[in-house]
Structure formats: structure tokens, C-alpha cells
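Before any comments, here is the structure.
Each chain gets a letter, A, B and so on, in the order its sequence line appears, and its residues count up from 1.
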There are 2 protein chains.
Amino acid sequence: MFELDLRSRKPIYEQLVEKLKQLIINDVLKQDEKLPSVRTLAQQLSINPNTIQKAYRELETKGYIYSVKGKGSFVNHMLITDNSAELKKVKEQIKKQMSEALFLGVTIKELQVLITEANELVAGGETNDPSSEREKEI
Amino acid sequence: MFELDLRSRKPIYEQLVEKLKQLIINDVLKQDEKLPSVRTLAQQLSINPNTIQKAYRELETKGYIYSVKGKGSFVNHMLITDNSAELKKVKEQIKKQMSEALFLGVTIKELQVLITEANELVAGGETNDPSSEREKEI
DNA sequence: TAACTGTATCAATATATTTAGTACAGTTAT
DNA sequence: ATAACTGTACTAAATATATTGATACAGTTA
């Protein structure tokens with residue numbers, strides 16, 4: 001399903017969370033799509049099931065998936081969680097990274113291009129939710 | 001000088017690197033400004049000098065500071081290091097975070113505002129280097 | 001019932017981080 | 001020259017975190 005860097009400084013379960021989050025955000029994994037079970041994915045990746053479970057639990061806590069005992073774990077695009085705090089953190093982090101990029105020589109135009117590219121990634125997964133007012137173009 | 005979260009999941013030396021990088025990027029710490037010595041900073045923060053040294057070493061490797069034996073460690077705004085790889089990584093990371101932000105409901109306009117805000121942070125530290133073509137305004 | 005699912009818990013192991021202590025070399029000011 | 005600073009290096013021990021391995025229990029599906 002995806003590759004992991006077992007020697008990375010970054011914990012395996014965190015890599016898993018990040019990759020799955022990206023797949024969900026970019027609508028590669030669709031709403032209610034079933035994720036591989038903790039045991040089969042563990043076997044595929046040659047790691048311990050507990051590590052998968054840890055990643056799934058974190059994803060569920062953050063609202064990206066939901067799990068049902070006996071059935072499996074499924075994608076959840078509708079984040080009805082209390083975003084405000086998380087949202088502020090994400091924006092703050094983006095600002096930091098942007099200032100670093102500018103410092104390193106990236107131009108403002110390049111950053112603007114990144115916005116359109118990011119938007120194209122998520123645009124495909126537009127929901128039917130009328131409360132979603134995300135612009136489709138700049 | 002700054003606060004650390006000793007209980008954070010993130011290692012102390014990494015927190016130090018991040019904070020100092022931000023201070024340098026945002027021109028709070030000026031070119032050639034002397035940083036506190038590893039021992040005094042360790043005492044101020046009530047942590048081991050080795051931890052400070054590890055942070056300083058990483059900052060020097062990445063070009064943000066330079067250290068002189070017997071004298072001290074100093075801010076280095078002129079990054080003449082081979083950026084290209086690091087630059088690509090930063091841009092990739094920003095794109096990921098942007099798509100996540102969009103997914104969480106942040107609008108494109110808000111992201112554009114973040115660019116201007118980030119630019120204002122670094123704008124104060126504009127160099128005399130004529131090769132720097134960073135826009136001052138959008 | 002059998003074979004799946006998620007979930008929980010515990011101990012053992014591996015790895016990473018931090019501390020502690022010591023030492024050496026260069027700088028600065030007295 | 002000496003004392004008091006600087007950075008740097010190294011080793012050992014302690015601590016924290018991540019991962020594995022094993023086992024168990026509960027719900028689902030056929």
C-alpha cells in the first residue's frame with residue numbers, strides 16, 4: 001500500500017499516520033472506504049500489529065477514520081471535530097515554514113503556486129456539503 | 001531567552017533548533033550576534049550543556065550559526081550552503097500542510113494572507129545581496 | 001462454529017534522548 | 001602566566017520512547 005522508512009528518525013506509527021492522512025486529504029481514499037485490518041497491514045509491512053493499531057487510534061482520535069469492532073476501520077472525510085485549536089496550530093506551522101522558505105530564497109510567487117497545487121490536490125475530493133465554501137480556483 | 005516544554009514528545013535539542021531558527025529567520029537575532037555560551041544557556045534552561053551543544057552543532061551544520069573555539073557561537077544570516085535539496089523538502093512540506101489546512105476548512109484567501117504575514121516577518125532582515133530577489137510586497 | 005474484525009494489556013527489547021563527568025584547545029583580560 | 005571564559009569531544013549511565021511479541025476478549029460475518 002505504501003512504503004515506510006524503518007530507519008527513519010521518525011517513528012513508524014507517525015509515518016503511517018502522515019501517509020494515511022495525506023491519502024484521505026487528497027481523496028485517494030474515499031469516504032467510508034475500508035482500510036486494511038491491523039493484522040493484514042502489519043503483515044504486508046512486516047511490522048507489529050500493535051504499531052498499526054497505534055496509528056489507527058491516533059487517526060481515529062483526530063477524526064480521519066472511524067473503527068468498528070468486528071468490522072474494520074473506515075475513512076471519514078467529514079471532520080465534525082472541534083477544529084479551531086488544530087486549525088490555528090496548522091496555520092501557525094504553515095507560517096513558520098513559509099518564513100523559512102522565504103529565508104532560504106523561495107519567492108512569494110512560488111509560494112502562491114504551492115497554494116494552487118495544494119488546492120488541486122484536495123479539489124477532487126469536494127464534498128456535497130453546502131457549508132463547504134472552499135474556492136475551486138484562485 | 002525562551003521557554004522549553006520539557007515534557008514534550010519532541011526532543012529538547014530539536015525544540016532549541018526550531019526556536020533559534022525562527023529567531024534568526026525573523027531577524028530577531030542579527031547577523032554576527034553572539035549566542036549565549038553552551039554552559040550559561042544550559043544553566044538558564046536548567047538542562048545539560050551537552051544538549052545545547054547538540055542543538056548548536058545542528059544549527060551550524062545547517063548554516064544558521066557559526067562557532068569559533070574559545071570565542072563563542074554567532075548568528076549567520078548568509079546561507080551559502082547547498083540549499084536545493086533542503087529547499088525542495090521545505091516546499092513539499094508546505095504543500096502537504098496547505099492541503100491539510102484546506103481540508104480542515106481554511107480558505108485560499110487565508111493562505112494568501114499567511115504568505116504576506118510570513119513575508120513581513122522576514123522582510124525586516126533583507127540583505128544587501130543583489131542576488132536576493134525576494135519581493136517586499138505582493 | 002470458524003475466521004475474521006478491533007481493542008486492551010503486559011513484558012521484553014531496541015533505540016533515542018538526556019544527564020553526568022572529564023578532558024582538551026583556543027580566547028580574553030588581568 | 002594565570003584565571004576564567006569559550007567550543008569541542010568522548011565515555012558511561014540513566015531515562016524516555018518506540019517497537020515487538022504474546023495473549024486475551026468482544027463483536028461481526030458466513
5'-most contact on DNA chain C (nearest-nucleotide basis), Arg7(A) vs Val68(B), goes to Arg7(A)
Write down the distance between CG (Leu35(A)) and P (dT7(C)), rounded to a whole number of angstrom.
12 Å
Any-strand Watson-Crick or G-U partner of dG27(D), both distances under 3.5 Å:
dC4(C)
Would Leu102(A) and Val90(B) show up in the same hydrophobic cluster when neighbours are defined by side-chain heavy atoms closer than 4.5 Å?
yes
Are there more than 12 heavy atoms of other residues, nucleotides or ligands under 6.0 Å from atom CD of Gln31(A)?
yes
From the candidates dA20(C), dT29(D), dT17(C), the one with an atom nearest any side-chain atom of Arg9(A) is dT17(C)
Ignoring the backbone of Lys69(A), work out which of dT19(C), dA18(D), dG6(C) is nearest its side chain.
dG6(C)
Glu60(A) near the nucleic acid: base, sugar-phosphate alone, or nothing, with a heavy-atom cut-off under 4.0 Å?
sugar-phosphate
Cluster overlap Met98(A) with Tyr64(B), hydrophobic side-chain contacts below 4.5 Å
yes
Nearest-angstrom distance from the residue atom OH of Tyr56(A) to C1' of dT19(D):
17 Å
Side chain of Pro11(B) only, please: which of dT18(C), dG7(D), dT19(D) is the nearest?
dT18(C)
With a non-hydrogen cut-off below 4.0 angstrom, is Ser8(A) in contact with a base, only sugar-phosphate, or nothing?
nothing
Among the nucleotides dT27(C), dG26(C), dT18(C), whichever has the atom closest to the side chain of Tyr13(B) is dT18(C)
Could you state the atom-to-atom distance from CD1 of Ile52(B) to P of dT17(C) in whole Å?
16 Å
Could you check how far CG of Leu6(B) sits from P of dT17(C), rounded to whole Å?
16 Å
Nearest to the side chain of Thr51(A), which nucleotide is it out of dT19(D), dG7(D), dT28(D)?
dT19(D)
Take Glu14(A) and Arg39(A), find for each the nucleotide of DNA chain D with the closest heavy atom, and name the residue whose nucleotide sits nearer the 5' end.
Glu14(A)
Report yes or no: do Val75(B) and Tyr66(B) belong to one cluster of Ile/Leu/Val/Met/Phe/Trp/Tyr joined by side chain heavy-atom distances under 4.5 Å?
no
Report the distance from atom CD1 of Ile12(B) to atom P of dT15(D), rounded to the nearest whole Å.
15 Å
Residues, nucleotides or ligands: over 12 heavy atoms within 6.0 Å of Lys71(B) NZ:
no
Starting at CG of Leu16(A) and ending at P of dT20(D), how long is that distance when rounded to a whole Å?
10 Å
How would you label the contact of Arg57(A) with the nucleic acid (heavy atoms, under 4.0 Å): base, sugar-phosphate, or nothing?
sugar-phosphate
Gln53(A) CD to dG6(C) P, straight-line distance once rounded to whole Å
9 Å
Side-chain N,O (Ser67(A)) to OP1/OP2 (dT7(C)) below 4.0 Å
yes
For the pair made of CG in Asn48(B) and C1' in dT15(D), what is the distance, rounded to whole Å?
13 Å
Result for 5'-nearest mapping on DNA chain D, choosing between Ser37(B) and Asn50(B), is Ser37(B)
Nucleotide opposite dA29(C) in a Watson-Crick or G-U pair, distances under 3.5 Å
dT2(D)
Side chain of Lys71(A) (C-beta onward), nearest among dT5(C), dT29(D), dT19(D):
dT29(D)
Kindly determine whether Thr61(A) and Glu58(A) satisfy side chain to side chain donor-acceptor pair (under 3.5 Å), including the steps that lead there.
CA-CA 5 Å; Thr61(A) 301; Glu58(A) 188 164 328; over 6 Å; no
